[in-house]
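Chain letters run A, B, ... following the sequence lines, proteins first, then strands; residues in each count from 1. What's counted below: heavy atoms across the whole structure, side chains too, no hydrogens, waters or symmetry copies.
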Amino acid sequence: MGSQVLIASLSTTPQSSIASSSSRIQHTLAQRNHIPAHVYKHPAAILLELCTSMEELHQIIPLIVKNGLYEEHLFQTKLVSLFCRYGSLTEATRVFDSIEDKNDAVYHTMLKGYAQNSSIFDGFSFFCRMMDDGVQPVVYNFTYLLKGCGESCLVRKGKEVHAQLILNGHGGDVYAMTCIVNMYAKCRLIDDAYKVFVRFPERDLVCWNTIIAGYAQNGLAGRAIELVSQMQGEGLRPDPITIISVLPAVGNIGHLRVGKSIHGYVFRCGYERHANVSTALVDMYLKCGSLCIGRVIFDKMCGRNVVSWNIMIDGYAQNGDSAEALMLFEKMLDDGVKPTGVTIMAALHACADSVDLERGQFIHRLVNELGLHPDVSVMNSLISMYCKCKRVDIAAEIFKNLKGRTLVSWNAMILGYAQNGRVIDALNHFRHMKLQNIEPDSFTMVSIIAAVSELSILCQGKWIHGLVTRTCLDGNVFVKTALVDMYAKCGAISTARKLFDLMDERHVTTWNAMIDGYGTHGCGRDAIELFREMENGDVKPNNITFLCIISACSHSGFVEEGIRYFSIMKEKYGIESTMDHYGAMVDLLGRSGRLNEAWNFILNMPVEPEINVFGAMLGASKIHKNVELGEMAANRLFKLNPNDGGYYVLLANMYASASISWHSHSKKIYAFLETLIDRIKAAGYVSDTDSIHDVEDDLQEQMVNTHSEKLAIAFGLLNTRPGTPIHIRKNLRVCGDCHTATKFISLVEQREIVVRDLHRFHHFKNGTCSCGDYW
DNA sequence: CTAGGGTTAG
């Protein structure tokens, strides 16, 4: 605006009146005593000082040319500098090239432009040209290059500059050496950074801040905090930048006590007026899990910027409070704050968590309006959101059109397919990714392993294990956990345990996977033993751990133990129950036959029971043939969701009629099955028609005898060598008759048969089942 | 032209 007035007046009024109106600027310029007064006093020089955008610059240039000032070094250098600042290296270079007698200053300015606005390699090329042209570099020229080396992680180049500086006798220059420390830290060579730092003859606040930020950014939070104390021991007081550098580290290790003491210091110094300091405080509290304190600071801070909003919204999203995250996001839009890519990613995260497709699509439109579609990270978040909302089709379309896909994009898609049960698509996508020479990472492998686990096919599982080993990703704790889970899901529970035992580092999900594995295999004792081991270790159980252990107790009939776990969850670990925990408890009580207790448990729940709770009640009523409670549960179920009620009825009917008659070998299988049934009947098997009603008597036996699991076992026996264990997977609960029949088959055929049903594993061997007829 | 340090993110 100031420039606009000046531009207007420059064309109409004498120079002197304009110059007198900007005496402060003129004074600054006058200090540059090597510049002739007629140049620095010229109004065009003042205009350039006030210039704030490329548009204004383009308006000023004709005036400079018209006044014959274009030949003056001051103007040439200033133009090069401004073009660089506004990001146009082309125009800067055009001005630079047109200068016939270039002075050192314009070389230095051009170098700065290249180092900051172009690839660091262009910076080095220009540096070489400058040397060839006989221009001697000054110390600060190296600092431009060092910054670029740090940003691009170019250690080799950085070390060259380091050597150059030492050779030129700048080893004691605090400014240059601080740049070196920063460069090593950014290149993740924090030890090298520290070696340079300790050799400083005198340490000022800036170099301390550099090394503190270096440790913080390299994940060494404790060391960063330690250095702040050390710095204070040397009589230096942390400034806002020290605070902003160290707080993320405090948050990362969740050290609330240290965070609070820093907060106290900030308060005493009055630093909370700095928006960035308050923002860093909010971030720290959120990362330490103290959402309320973070929110209070956020609500009363002045000068909230988009980063503050982003941190707050993401804080809620990360803590699972999607509703509050989205509420805040809308408030931000209402306040007229323009979202950035980070905002959008946090909001999409919240949409995905709450499976809110409608809002997700609104944000998708917003992405286009804001012109954020070239941001690959934002597009990756959209892919994840659509996958989570079961719209893999839309996600795949976005992926197809995505320019500059990253590994994250591929991972999001693979995970999406895996989570939506599209195992084949997941594997195909993985194959395409490798064909394009994109190297998988631990995230890729976790998704692929999870997808393969779905199949419950042991040989596939072993194949993926081999693949993981070949890609050298088998050291990652999450990959190993996925493998433990996979072996358990493929029925190889002892292999799972062997892998678990071999792990030197275990995450809470690792324990959960193993406990759940024992649970679904009916090894309740092992699950309880493992939980005890966990309680004595360093890893704290979470709400999923309790879900696994309660369900393990349920599968093995350890009702009292299950009840105890449910109570210590809240009392000892302060973990609140979710709807899944209530469902697991109803299952625990109901399955063991304590149906009235289960019903009372539902009536006494502090929150409204949802579908899963009544579903468990209905299932238990069915097992124990309690029609009265079963109907009550079913009624509540239909009220909550009529469609799901239909699903349950369908489930019951399908149970009796499922078959694999489509199979090409069906005739052969049916014939074989007939002889098999005869053989097990000879061994004492009696067909149970109890579970089928409304069908004519003579058809009943035939229907039961052709249940899908019997057909599948027959298929397995026909197609594998004698003695090979047979793995069967069933998406419903195994029926009583099939269970009995399978026991007999395992005896007469001398085969180990592993059946995975909707809830658990059954290991049949020599006429008995691992579930002890309890499931 | 005339130098060095900082915050959000799968």
Side-chain angles (χ1 to χ4, degrees), chain A residues 31-32 34-35 73-74 76-82 84-85 102-113 115 137-147 150 170 173-183 185-186 197 200 204-214 216-217 238-249 251 274-284 286-287 305-315 317-318 340-346 348-349 352 375-381 383-385 406-412 415 441-444:
Chain A
Q31 287 177 333
R32 298 166 184 166
H34 56 287
I35 299 167
H73 277 136
L74 173 80
Q76 291 165 338
T77 311
K78 191 74 200 175
L79 284 176
V80 170
S81 161
L82 287 172
C84 289
R85 187 184 302 164
K102 301 179 183 70
N103 64 6
D104 287 12
V106 76
Y107 270 99
H108 297 163
T109 309
M110 197 64 229
L111 176 67
K112 185 181 178 185
V138 289
V139 197
Y140 59 79
N141 292 154
F142 294 103
T143 65
Y144 305 144
L145 296 171
L146 282 170
K147 200 161 191 169
H170 300 305
D173 186 308
V174 205
Y175 287 79
M177 287 306 116
T178 302
C179 277
I180 295 287
V181 171
N182 194 30
M183 180 273 296
K186 290 281 186 308
F197 172 79
F200 277 41
D204 65 2
L205 191 55
V206 178
C207 76
W208 274 103
N209 285 347
T210 309
I211 195 73
I212 289 166
Q217 289 161 358
D239 73 345
I241 291 181
T242 322
I243 306 296
I244 292 164
S245 304
V246 78
L247 274 177
H274 295 254
N276 290 349
V277 172
S278 282
T279 300
L281 276 173
V282 172
D283 179 52
M284 180 276 296
L286 297 186
K287 285 214 191 98
N305 56 32
V306 67
V307 177
S308 328
W309 283 96
N310 290 352
I311 285 170
M312 200 63 227
I313 293 169
D314 193 61
Q318 298 275 353
T340 65
V342 178
T343 328
I344 298 294
M345 289 192 277
L348 285 173
H349 183 158
D375 186 330
V376 182
S377 298
V378 168
M379 298 317 274
N380 292 344
S381 296
I383 291 174
S384 298
M385 181 278 293
T406 62
L407 176 59
V408 181
S409 324
W410 287 91
N411 287 350
L415 181 66
D441 68 356
S442 59
F443 286 83
T444 326

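Minimum atom distance to the side chain of A:Ser81 is reached by B:dC1, of the listed B:dG6, B:dG4, B:dC1. Here the side chain of A:Lys112 is nearest to one of B:dG6, B:dG10, B:dT2, namely B:dT2. Relative to the side chain of A:Tyr175, the nucleotides B:dG4, B:dC1, B:dT8 differ in distance, and B:dG4 lies closest. When the nucleotides B:dT8, B:dC1, B:dG6 are ranked by their closest atom to the side chain of A:Tyr140, B:dC1 comes out on top.
Within the 4.0 angstrom heavy-atom criterion, no nucleotide atom of any strand lies near A:Ala280. Nucleic acid contact class of A:Ser377 (heavy atoms, under 4.0 Å, all strands): none. Using a 4.0 Å heavy-atom cutoff across all strands shown, A:Asn276 reaches at least one base atom of the nucleic acid. When heavy atoms are screened at a 4.0 angstrom cut-off, A:Val174 is found touching base atoms of the nucleic acid. Among the atoms of the strands shown, none is found under 4.0 Å from any heavy atom of A:Gln76. Counting non-hydrogen atoms under 4.0 angstrom, A:Thr109 reaches the backbone sugars and phosphates but no base. Residue-level contact check: A:Lys186 touches the backbone only, with heavy atoms under 4.0 Å from sugar-phosphate atoms and none from bases. No contact: A:Asp104 has no heavy atom under 4.0 Å from any strand. Counting any heavy atom pair closer than 4.0 Å across all strands shown, A:Asp239 reaches a base atom.
Between the side chains of A:Thr343 and A:Thr340, a donor-acceptor pair is found at a separation under 3.5 Å. In the model, A:Asn380 has no side-chain atom that pairs as donor or acceptor with a side-chain atom of A:Ser377 under 3.5 Å.
Counting to the nearest Å, the P atom of B:dG10 and the CG atom of A:Asn380 are 11 Å from each other. To the nearest angstrom, P of B:dA3 lies 15 Å from CG of A:Leu146. For the pair A:Met345 CE and B:dG10 C1', the interatomic distance rounds to 8 Å; values are reported in whole Å. Atom CE of A:Met385 is separated from atom P of B:dG10 by 16 Å (rounded to the nearest Å). In this structure, A:Leu82 places its CG atom 7 Å from P of B:dC1, rounding to the nearest Å. Rounded to whole Å, atom C1' of B:dG4 lies 11 Å from atom CD1 of A:Ile180.
A distance of 8.0 Å separates OG1 of A:Thr143 from CG of A:Leu145, quoted to the nearest 0.5 Å.
Between A:Phe142 and A:His170, the angle of the ring planes lies from 30° to 60°, which puts this pair in the tilted group.
With respect to A:Leu281, the side chain to side chain contact (heavy atoms under 4.5 Å, CB included) criterion is satisfied by exactly one of A:Leu286, A:Ile243, A:Leu247: A:Leu247.
For A:Asp204 and B:dG4, a side-chain-to-base donor-acceptor distance below 3.5 Å is present, hydrogens and geometry of angles not being considered.
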